[in-house]
Amino acid sequence: AQSLVEWDKAWGARHQLLRDVQEASALAAQGVPVIFAVEEIDKVPELNSSSDGSGLREKTHPLVGFLNEVLTDGIARVDGVAAPLSRVFFLGTMNLPSSALEQFWRESQNKPGEGPSKTFFDFSTEDLAAFHRWITTQQGCAKVLGQLFRPNTVSRMAHHTLVLQPFTREGYWELTERQVKKTLGKFSRSLRAKRLQGTYTPELVSFLMEKATFAPSGARSTVSRVNT
């Protein structure tokens, strides 16, 4: 797995990238399982808002071009050398832009003239669940990817895209309970030394969950707030 910073360096040193691609190709040809992971593809969008507000401006990035070539032909050409990569499993990750959720709310949830639009930080667990149902449709996925990439890239990526499910209230409850158990476990030895036993009730878990959960921040915020 390589970060985009490493990828940028690799594209600056093309011979190193060629060796990496050729090595992946050779290993796959020998039957060795190869996973080529690229994180945070959203950091290299092909579409950016212009500084003067006139609309979107296109920008080509070699990483996206490389992925397009692999998705189209199953090979990569670097410095004129072709390496077959059809047996290499490519895994890319990205974070969805908050503007995609806000646009979804404006277009699908809020009727014109009926109340203000929501910002990302106003979203509840139910709002995120509704967004997930929409983005897992062909149209929803293509529209969100279309905020970052050109149509030809979207057509190659969309049907390969899997969107992780957001946390539900049940998920937050289980996460909160896990942190409560973990905290009690830290004190179990000292409690046993005093012939005491720590326990908790479902009501405590529900109380902590309501106080700690902030849907836009996901699990990280819940864990941090429960622990404090």
Side-chain angles (χ1 to χ4, degrees), residues 3-4 37-61 63-65 67-68 71-72 90-176 206 209-226:
S3 69
L4 291 183
V38 184
E39 296 179 299
E40 299 185 334
I41 303 176
D42 54 294
K43 295 296 191 295
V44 288
E46 293 179 302
L47 303 177
N48 287 294
S49 298
S50 59
S51 57
D52 57 6
S54 59
L56 294 176
R57 182 172 298 173
E58 293 189 0
K59 179 183 178 181
T60 301
H61 192 282
L63 172 60
V64 179
L67 293 176
N68 272 331
L71 289 172
T72 301
F90 280 83
L91 173 65
T93 66
M94 69 176 70
N95 296 310
L96 300 179
S98 60
S99 59
L101 285 86
E102 295 168 356
Q103 181 179 355
F104 159 75
W105 177 261
R106 289 193 300 269
E107 296 181 357
S108 304
Q109 295 293 303
N110 194 24
K111 296 180 181 179
E114 295 187 9
S117 296
K118 284 189 176 183
T119 68
F120 171 66
F121 292 106
D122 295 320
F123 270 57
S124 65
T125 53
E126 292 76 18
D127 295 330
L128 292 174
F131 175 77
H132 182 266
R133 289 192 294 272
W134 173 74
I135 196 178
T136 50
T137 66
Q138 291 183 357
Q139 181 187 34
C141 182
K143 289 186 71 172
V144 172
L145 291 176
Q147 293 189 19
L148 300 170
F149 304 106
R150 297 170 178 170
N152 65 321
T153 302
V154 172
S155 66
R156 292 179 174 90
M157 285 186 175
H159 62 286
H160 293 296
T161 300
L162 298 176
V163 183
L164 296 181
Q165 291 187 353
F167 264 82
T168 61
R169 290 183 62 84
E170 293 77 12
Y172 280 115
W173 202 96
E174 293 176 1
L175 178 63
T176 303
S206 296
M209 183 195 74
E210 294 297 336
K211 294 295 183 181
T213 298
F214 182 53
S217 295
R220 184 182 295 112
S221 174
T222 301
V223 170
S224 176
R225 291 172 66 86
V226 170

Can you see which heavy atom on [X] is nearest to which on [Y], and at what distance?
| X | Y | result |
| --- | --- | --- |
| Ser221 | Ala212 | OG-O, 4.0 Å |
| Phe123 | Glu102 | CZ-N, 4.4 Å |
| His132 | Thr136 | O-OG1, 2.8 Å |
| Asn152 | Ser155 | O-OG, 2.8 Å |
| Val144 | Pro97 | CG1-CD, 4.5 Å |
| Phe167 | Ala219 | CE1-CB, 3.7 Å |

Rounded to the nearest 0.5 Å, what separates atom [atom1] in [X] from atom [atom2] in [Y]?
| X | Y | atom1 | atom2 | answer |
| --- | --- | --- | --- | --- |
| Phe90 | His160 | CZ | NE2 | 12.0 Å |
| Ile135 | Leu145 | CD1 | CG | 7.0 Å |
| Trp134 | Lys143 | CH2 | NZ | 5.5 Å |
| Leu148 | Lys43 | CG | NZ | 10.5 Å |
| Lys211 | Thr176 | NZ | OG1 | 13.5 Å |
| Leu96 | Cys141 | CG | SG | 8.5 Å |

Name the one of Leu128, Thr125, Asp127 that satisfies side chain to side chain contact (heavy atoms under 4.5 Å, CB included) with Pro166?
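Exactly one candidate clears the test, Leu128.
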Parallel, tilted or perpendicular for Phe214 and Phe121, by the 30°/60° rule?
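Taking Phe121 first and then Phe214, their aromatic rings lie parallel (interplane angle under 30°).
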Among residues at least two apart in sequence or on other chains, which ones pass side-chain contact (heavy atoms from CB on, under 4.5 Å) with Thr168?
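With sequence neighbours excluded, Thr168 shows a side-chain contact (heavy atoms from CB on, under 4.5 Å) to Glu170, given in chain and number order.
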Do [X] and [Y] have side-chain atoms, one donor and one acceptor, less than 3.5 Å apart?
| X | Y | answer |
| --- | --- | --- |
| Ser99 | Gln147 | yes |
| Thr119 | Asp122 | yes |
| Thr153 | Glu46 | yes |

Got more than 12 heavy atoms from elsewhere within 6.0 Å of CZ, Arg169?
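No, CZ of Arg169 has 12 or fewer neighbouring heavy atoms, counting only those of other groups under 6.0 Å.
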Please examine the side chains of [Y] and [X], heavy atoms only from C-beta on, and report whether any two atoms are closer than 4.5 Å.
| X | Y | value |
| --- | --- | --- |
| Met94 | Glu40 | no |
| Leu47 | Phe149 | no |
| Val44 | Val64 | yes |

Gln139 and Thr137: side-chain hydrogen bond (donor to acceptor under 3.5 Å, both in side chains), yes or no, with the steps?
CA-CA 5 Å; Gln139 181 187 34; Thr137 66; 5.4 Å; no
Kindly indicate, with the supporting measurements, whether the criterion side-chain contact (heavy atoms from CB on, under 4.5 Å) is fulfilled by Leu91 and Val38.
CA-CA 6 Å; Leu91 173 65; Val38 184; over 6 Å; no
